[in-house]
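First the structure, in the form of structure tokens, and then the observations on it.
Predicted model only: the values in this text are computed from it and were never measured.
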Amino acid sequence: MEIKKRRYATAGIKYWKVTLARENSAIATVRAYALETGHGKLPVGVRPLRSTNYLLAGEWTPADDDGIRFEFPLPIIIPWSGLDF
């Protein structure tokens with residue numbers, strides 16, 4: 001997974017991760033990751049291993065009554081009922 005994330009980051013791709021519930025056929029969590037292209041202040045002589053990194057930008061579970069709402073890069077609204085399978 002780390003290799004795939006590094007390839008995606010190098011290509012500038014943002015991604016979402018869906019985790020399935022173990023007990024039933026349902027989605028447990030949905031996470032949106034944003035691409036960070038800068039880095040925080042580091043001590044002198046220390047460089048980041050990679051020039052890009054993913055940061056968790058949003059996380060939703062079925063307990064979120066409003067469903068999935070995310071505004072960037074475009075408005076996304078998905079009710080949990082739309083994710084039933």
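Checked against side-chain contact (heavy atoms from CB on, under 4.5 Å), Leu74 has the following partners two or more places apart in sequence or in another chain: Ile76. Here Arg31 pairs with Glu59 under the salt bridge (Lys or Arg N to Asp or Glu O under 4.0 Å) rule; sequence neighbours left out. With sequence neighbours left out, the side-chain contact (heavy atoms from CB on, under 4.5 Å) criterion links Ser25 to Phe85.
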Identify each donor-acceptor pair in which a side-chain atom of residues 61-73 lies under 3.5 Å from a protein atom, sequence neighbours left out, and give them as a table.
residue, atom, partner, partner atom, Å
Thr61, OG1, Ala63, N, 3.3
Asp64, OD2, Thr61, N, 2.8

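Listed by first and then second residue, the salt bridge (charged side-chain N to carboxylate O under 4.0 Å, His left out) pairs involving residues 38-49 amount to none (not counting sequence neighbours).
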Point to revise | Stepwise side chain to side chain contact (heavy atoms under 4.5 Å, CB included) test for Trp80 and Val30 | key: CA-CA 11 Å; Trp80 280 103; Val30 175; 4.0 Å; yes

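In this structure, Tyr54 and Tyr33 have perpendicular ring planes: the angle between them is above 60°, well past the 30° mark.
Annotation for Leu55: hydrophobic cluster partners, listed by chain and number, are none (ILVMFWY side-chain heavy atoms under 4.5 Å, direct or chained).
Side-chain contact between Leu20 and Ile27 is present, with at least one heavy-atom pair separated by less than 4.5 Å.
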